[in-house]
Each structure stands twice: as structure tokens, then as C-alpha cells.
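What follows is a single structure, written as C-alpha cells, with notes after it.
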Amino acid sequence: MTDTRFDPSQADGRWQRAWEEAGIFHADSNSNKPKSYVLEMFPYPSGRIHMGHVRNYTMGDVLARYKKMRGHEVLHPMGWDAFGMPAENAAMEKGVHPGGWTRENIANMKAQLKRIGFALDWSREFATCDPEYYGQEQSLFIDMYEAGLVYRKESEVNWDPVDMTVLANEQVIDGKGWRSGAEVEKRKLNQWFLKITDFAEDLLDGLSGLDNWPDKVKLMQENWIGKSQGLRCTFRFVDSDHGIEVFTTRPDTMFGASFVAIAADHPFAQAQAEHVPALAEFIAECKRGGTTAAELETAEKMGFDTGYSVEHPLAKHWHLPVYVANFVLMDYGTGAVFGCPAHDQRDLDFARKYDLPVTRVVADGDETASEFRGDVAYTGPGRIVNSEWMNGMTVDEAKAAVIAKAEHDGWGQGETQYRLRDWGVSRQRYWGTPIPFIHCDTCGVVPVPKNQLPVELPEDVDFSTPGNPLLRHPTWKHVECPGCGGKAERETDTLDTFTNSSWYFLRFASQPADKPFDPEEVAKWLPVEQYIGGIEHAILHLLYARFWTRALQRMGHLDFAEPFASLFTQGMVTHETYTVTRPPTNEERQIFGWEDEAAHQSITQYLTPAEVEKRGERAFWIDPDGIEREVEIGRVIKMSKSKKNTVDPDNIIDTYGADAARWFMLSDSPPERDLPWSEAGIEGCGRFVQRLWRLFGQYDAGASGEDKALTRKLHQTIAAVAEDIEALNFNKAVARIYELTSVAEKAAPSAARSEAIAGLMKLSSPMMPHLAEEAWHRAGFAGLIAEAAWPDHDPALLIEDEVTIAVQHMGKLRDTLSAPKGASKEDLEALALASEKVQRSIDGAEIRKVIVVPDRLVNIVT
RNA sequence: GCGGGUGUGGCGGAAUGGUAGACGCCGGGGACUUAAAAUCCCCUGAUCCUAUAGAUCGUGUGGGUUCGAGUCCCACCACCCGCACCA
């Protein structure tokens, strides 16, 4: 290795070994230093590390290394969210075992992570598919059951009648199973649920204390929990004691009601369907199509008139028709609503379609007419009109009045509802945590005794036939009942993988063999000081983790409620897409049957960045026949296999080294925004690594002499980089380091310059640790820079003594002047008026006002 | 449909209501070299122009508040993300 070029292929591995041998990233829970727990969302072992992982873990790594330099004892662990569907898909497609496939992926990805030089405590590594982990999860699940937080109920799933399996929403494409292509049915199964709704109010309240969470995440969780206050009331069938219970958040619009609508799976609809074939058919129609909220709500509004009528609670003689409607959800409220078309868009769409009355009951400004025109509902505030005794009230007054009347007259009561639903955790799949329960004809549902945990997954499973392998396994499910000793069967559902990620951060802090965690050890590290991950987890994962932590607190396992003190959600790594349009090959013509068709004379395919040669603004591809074709450069979008716009981190590290890749991940884009990957960008980072290396080589311990300007710049940079890293503004810290590098390069040799160079080694070491170690060592410093202290800065040097004053005339910049820091307003005004350029602009006009902002600006108003 | 976000040069972006474009990339010009690579230096928002100077315009669109708006307010447009069995 020569001194003029930094060689990452040698240095990276050498320093990674040095760190490992010195064990400097092992977190010592008995240390009396202040503790920092830095955590990035652990990866699913899909096979290869992708750039999104690199970005995520580089951010956490910079913070972890920085905290260590600031004298903290840092816990920075890594593990594997190892259960999930891709492993079962691989088993079906490639005939491999999900466990073997997963273990192999973990080994590969771990090797990849190690090459990037992350400051991780690998001694705490685990995978959620380890029986030592999921066995403890089973134990916690049983605790939750005993605490009344687990229950079973019927719930609908997507059922593929050909593959005989439950499908995830993402496996349902246009209402059909992704593999079989069969029409997906909705089927009811008895499933396990966690009572997250018990904590709805608590989870909502807790958000206000999360000062270091992004507002957008808190807002999304707030909307997800969806607290609303309203009225639950009964609309009685005409001449009957029975009725339909309705929940509404708009009791103020009750006099505008024109129909009652119930969900397709509402008990009354179900009961009627038994003797009304047309209704049964309508309900079946509603059941076709997807189950996702987006699909339900964008579907065309459809209704079925049951022929029944109900009495309006405020006017018995007033009868409303009862419809079954596809836009009413059984999961929310009571599964029934009253429709007030004038003031709700969905109700209006429905009323117009079925020609129902539309009556205005809230004034839209001066518009009070009872007849409502147009197809846009009025949902704003206003006075109540056309509503008998409520006329003139505000919306809020009317809400309170109706609730009070309902409670007084006994036909309803005020109620708080949440949009949040209980969490269905049953999955009819193999590769997950087995639910530790046993079904006995005599004793019912019985938990597996804790001394029999873990309930391990059987290894000998077969994926060649459809259905859940646990259900089909010849022996696994047959057990003795722990209660009566009779014949019984294991539960064959497994837990949703979100349960695995709902407490892993506790297990990193403490992993005893005989219990899920040791509360005292956990208390030393938790809550996580900084959690970093993708915005896609803003709701589900983060809400479930908050829920588990609260549940564990309620059960006495923990004494805190919030797991993550600070949260940061980073953006995605994106890349251009490349497509080429070419004639089909003979083989393709045969496959698609296009031998003679003129219509199919070309095929458009995606190309990977590696296949494309870029020349300036254009791009080209040599096809298999050696013909060069122009490539169309498409939009910059998230890296994904299907669009082939991915870049493999291993290739980047081979070419540029780990530090260049890390530097790129931190440069330019703010961390919360998307980062567009480009070849030019990584090349620039590679050049900067070498540039720093040359500068570091000029460190001279024997140099003497001052350089006040450089020293000032160094101290300003130390303070700014620290501030930027703590705020996770890595792109700004990077810009600061570029600036100091440029200044130091140009400075003449001096003791101050050597100090600046040594300072730069430290400032850049969290980002480019291998380069920094190598330079530190070459400069003759003892020890590892990873263990060095962050440099101090002198606050006095942060203040400039000369400032530039902008001079404006009517808000437009006319001149800039230099003035001493802290100059008086009078002096600045005089200085500004003395400017020839300013005088030319004023051109003799009368000066009406002069605004002076000390140390910044003078604005002259004429 | 509901919820959340983003929008500034050719590109990524910077800017406590106070000099818009820091820093990086791309591009152009030059130095060094037999040459190339590497490196270094200079220029680089648009338009006008009598060109080392000067003027006008310019932060998605249209309004507003203010001495002064990328930043605050109102309305709109475009794009992206999430929507409960993907992780």
C-alpha cells in the first residue's frame, strides 16, 4: 500500500478486525458512564442487504460512534426479524426449508453488514426464529392471556379455495389469488386477538409526551386510533320493541336523516338474508372484491332496500328506510349508521343514487333553504336550521343537546368510539411463533404450561401440498391435555410477525435463558434513546411496540410505558429506472404465440444499472446479439427488484470501499427525505475519501506557528458538526466537513493546521471510520480513534468580530457592507446611507423609515 | 375514498421572517503531462446589456399579511407514502 492512495480493500478489513479484537463495541451494562441505546429497525433476512439498510444503519452508526466519543456507554445491537412469508414462498418455489433458507440469508447478510464496518455489539445478536426467543414470546403471550389481554373471536380472512390457504392482502390481486388465480372468498375463522383497544386512550395520551417523535408520525397514530365522541342510539322498527343500534358523530344533523344503513355482515342483514334470496345475493356481491380499506372505500356505493322501516327517535311518526350498504363497516361503531346526505359526502352519493330525500340542517353561511342542491355535501360549521327545537344552535351545542335528550328520554347515550380495532394475531402459516395453546374437548382452550415452553416448530414439514403444514403434520399437533391428561390438539395458528418486533428491543438489552428479560437490566438501557427506521412503520409496528410495552407495564414486567424516547424516520434510497424496447427473440415469439402477429413486434423490458452504459444525458445497452440499443431513462423511484433499479452494496464496497458508501449515504439529501443513488455521486465520494487521505498525510506533529482564521474555522466546525449529528442533520455535518477540508488544504503549514487536520480525523471518524483509523495510526497517535474523545471547542472562537451587513432599499438588496460585530444602529444607518449604490437607488426620494437589524441588515424605506 | 407528506438552478440540496442558491454532483475553460489517469485552479440560476459595471426576473400556481416572504395566512395544482394478513 502506498501513502498517496488510501486502499480500502486492505484497510477496511484490518480495522474491522482491530475493533473486534479490542471488543470496543461491547455494551457493558455495569458501566457507570451515561448510557445510550441507539437502535435501528432490525432487518428481515430476505437474502441480501440493500441500500435502504445501508442508509438506515449508517445513520445509527454515526450516532453510536459519536456518542461513544462523547463518553457514553453505547448499546448498538443487531438482530433478525426472521419469521415471515418470504421464507414460506421460497420453500414452495425452491423446495427448501424455510428455516434453512432464513439461516443462510442471515449468514450472508451478516457478512455484508460486517464489511460496512458498523459499530455493533454482535454478542447480543439473535433471530426471532430462535426457539430461545420465540419461546419467551410464548411465555409473554400466556401472561397476556392471563391478564385478560388475549381472546378469541370469529374473523374474516381472504381464502383461496384452490390453494386451500389464507391469503395476505398483498397476495390478493384484483380479487384473485396471486398463485392460483382463483376468485378469493371471504371466510370466517376463529382467531386470536390482542386487546389493544384496552389501551386506546392510553396510547393516544402517551403521544403528547413523545417530544422527540416526528409530528407526522404522532398525527398518523392519532388518526389511526381515531377517537371520536358521539351518540349511540336505537332506531326502533315501526311497531316493534326491537331496533337498530346506530353510532353517529353527528347527532346535530339528526333532523336531516333520510335513511339507516347497516353493514353487509350486520346480524339483522344476515338474518334477513336467510329468507330473502336477493339480499343474500347482494351480501355475496359485497363479499367479492378486496378487503382492504382502500378497496372498500373506493368501491361504488351500493345499497339494498330491506323493505323495513325504523322510527326517527326525535319524531316517532317519521319513518326511515333501512338499507344494507357496502360502505358501512361492521368493525367500526355498531355496524350501522343513519344517513344525513346534506352533510356527509358518502351519504349524499348514496342518497342521490337511490333518490332519497336530502335536507339541509346546517346553514352554509346565509344559505338556509331546506332543499339541498348539488353533489357536494356541506361539512363545515354553521347554525342548525330546519330542525324544530334545535334551530339556531351551533353544531357543538346541538350535539350536546341531542345527547342530553337521548339520555333523558332513554333511547341513547353519549359515547366515545375509537377507530382502532383489536389486533388479530392469528396466521394460518408455518413460519411464525406457534401460539402456545391446546384445545381440549373437556377443558376447552388451555395454555401450554410454562415449563413445557418453547413450543417448537417441527422441522419435518412438507410444502408440496396446499394448506398449513402444521395442520397437516402427522404428529405435531397431537398432545395430552395439560388439564385432564386426555387427548387434545395443539393450536396450529402462528403469531403475526409484528408480535416478534413488538418486544425485541427489550431482549437486546437483556437476554436471560429462563425469562424474557431481566427488568433491572432493561431499566439500565431503556427507553431507547434514538430509534431509526422507515416511515412505512409509522403506524403498525410503532403502535404495536408501544402497546406491548404498556401491556408489560400493566402486568408488572416493566416500569415504563414508552419504548422509544426519540424516533427518526428516514427516507428511501431511489434510483433512475432503465427500459429498452426491442424486437422479441424467436424464443419469445414462440412462448407468446406471436410468430405471425404484426401487433407484437416489440418488447419493453427493464434493465439494471449495471447493464446500462451512461454517456452524458443518454444511456445505451448492448443486447445479447451485440446490437447497441438506446435506453430510455425513466423516473427516479424507490429501489426495487421488480423495476431492476437496485445497486448491490457489496459491489459498491468492492469498488469504492465502505467509507465512500457510508459518506454517500449521509451526503446531500436530508436523512428524512429520499436519497437518489447515482454513479456520479458515489464516484465523488470516492474522490473525497482520497482527498481527505492526502490532507491527513500532511499532519506534522512538529509544525509550529499560529493560524487564527483556521483555528476559528476548526472550532466553529467542531461545534457545528456535533450539533448537526445530534440533530441527525448528517447532510449538514457533511457540508461542514467539506468546508473545513477546503480551508485546511489551502492553509500554510503551522501547528494550527496540524491541529485542524487531527481535528478533521476525529470529526470524520463516525462517518468514515476506516479512513480515520488508518490516518490516526499513520500520524502516530496511540490507540483507536473510535475510542478517542470528541474534540473540545472554545465558545469564544465561535463569534466573528467582523460581520457583513446587507443594505436594502424598499426590501431590495442594493449593497453589502462590512462592519464590526455589535455596531450600533446609528452607526449602521449612517454607514448604509453613505453607500453610493444606495444613494443612487434612493435618488433623492424622502426617507420615511430606516429599519436596522443589528449585525445583519439595514432597510431604507422611502 | 380517508390519513400523512413533498414541491427552491441541469441534479441532490442550504437558508432563527432579514444578502435565495451554502456544500456536493454534472457541465465548461485552464494548468500539469509526450499522452492519459490522477490532481490543482477558475467559471457555472435565467434574461437584458453600452459586459471587470449595471438592470430585471426568479423558491409548484393564484391571492394576502409585512419595511421585507422560500419561510407566516387563504385557496388551488402536481407528485409520493400508508390504509390493519408485506416486512
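Lettering of chains follows the sequences in order, A, B, ..., and the numbering in each one begins at 1.
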Checking A:Asn223 side chain against A:Gly226 main chain: does a donor-acceptor pair fall under 3.5 Å? no
Quick note, A:Tyr44 side chain, CB onward, closest among B:G3, B:A84, B:A87 is B:A87
- Task: Please measure how far the C1' atom in B:C67 lies from the corresponding atom in B:G54, and state the result in whole Å.
- Result: 25 Å
Looking only at B:G4, B:A55, B:A87, the nucleotide nearest the A:Met220 side chain is B:G4
Against the side chain of A:Val166, the closest entry in B:C85, B:G4, B:A87 is B:C85
Sorted by number, residues from residues 677-690 of chain A placing a heavy atom under 4.0 Å from RNA chain B are A:Ala680, A:Arg687
query: Going by the angle between their ring planes, with limits at 30° and 60°, are A:Trp663 and A:Phe688 parallel, tilted or perpendicular?
result: parallel
**Report entry** Gap in Å between the two C1' atoms, one belonging to B:G4 and one to B:G18, rounded
**Finding:** 32 Å
Exercise for review: Determine the Euclidean distance between corresponding C1' atoms of B:U44 and B:G24; express it in Å to zero decimal places.
Suggested key: 14 Å
Atom pairs under 3.5 Å: protein N/O with N/O of nucleotides 12-19 of chain B:
from, atom 1, to, atom 2, distance (Å)
B:G12, O2', A:Ser669, OG, 2.6
B:G12, N2, A:Asp668, OD1, 3.0
B:A14, OP1, A:Asn731, ND2, 3.3
B:A15, OP1, A:Lys732, NZ, 2.7
B:G18, O2', A:Arg856, NE, 3.3
B:G18, N2, A:Gln808, OE1, 3.3
B:G18, N2, A:Asn859, ND2, 3.4

| request: Take the angle between the ring planes of A:His541 and A:His537 and call it parallel below 30°, perpendicular above 60°, tilted in between. | output: perpendicular
Check: Quick one: is A:Arg427 getting a side-chain N or O under 4.0 Å of the B:C85 phosphate, OP1 or OP2?
Finding: yes
- Message: Give me the distance, rounded to whole Å, that separates B:G7 from B:A14 when you measure between the C1' atoms they each carry.
- Response: 16 Å
Checklist entry - Which is true for A:His541 with a 4.0 Å heavy-atom rule: it touches a base, it touches only sugar-phosphate, or it touches nothing? => result nothing
- prompt: Can any side-chain N or O of A:Ser835 pair as donor or acceptor with the backbone N or O of A:Val838 at less than 3.5 Å?
  reply: yes
A:Trp693 CH2 to B:A38 C1', in whole Å, measures 17 Å
message: Looking at A:Lys812, I'd like to know whether one of its side-chain N or O atoms comes within less than 4.0 Å of OP1 or OP2 on B:C57.
response: yes
Considering only heavy side-chain atoms of A:Arg694, the closest of B:C40, B:A84, B:C23 is B:C40
Classify A:Arg419 by what it touches in the nucleic acid, base, sugar-phosphate, or nothing, heavy-atom distance under 4.0 Å. base
Test item: A:Gln191 side-chain N/O and A:Arg152 main-chain N/O as donor-acceptor pair under 3.5 Å = no
Read 5' to 3' with Watson-Crick or G-U pairs under 3.5 Å, [ ] for crossing pairs and | for partners on another strand, RNA chain B gives (((((((..(((.....[....))).(((((.......))))).((((.....))))..(((((..]....))))))))))))....
Sorted by chain and residue number, the ring-ring contact (aromatic ring centres under 6.0 Å, His included) partners of A:Phe730 (sequence neighbours excluded) come out as none
Protein heavy-atom contacts under 4.0 Å, written 5' to 3' over nucleotides 43-53 of chain B as B (base), S (sugar-phosphate only) or - (none), form the string -----------
For atom P, what is the distance between B:A35 and B:G45, given to the nearest Å? 32 Å
Out of B:C67, B:C86, B:G3, minimum distance to the side chain of A:Met85 belongs to B:C86
note: A:Met572, atom CE; B:C86, atom C1'; distance rounded to Å ~ 15 Å
Using atom types as modelled, flag every donor-acceptor pair under 3.5 Å from a side chain in residues 848-858 of chain A to any protein atom, sequence neighbours excluded.
from, atom 1, to, atom 2, distance (Å)
A:Arg848, NE, A:Thr862, O, 3.4
A:Arg848, NH2, A:Thr862, O, 3.3
A:Asp855, OD1, A:Gly822, N, 2.8

At less than 3.5 Å, do the side-chain atoms of A:Arg736 and the base atoms of B:C23 form a donor-acceptor pair? no
More than 12 heavy atoms from other groups under 6.0 Å of CD on A:Gln345: yes
Checklist entry - How is A:Phe498 classified with respect to the nucleic acid when contacts are heavy atoms under 4.0 Å: base, sugar-phosphate, or nothing? => result base
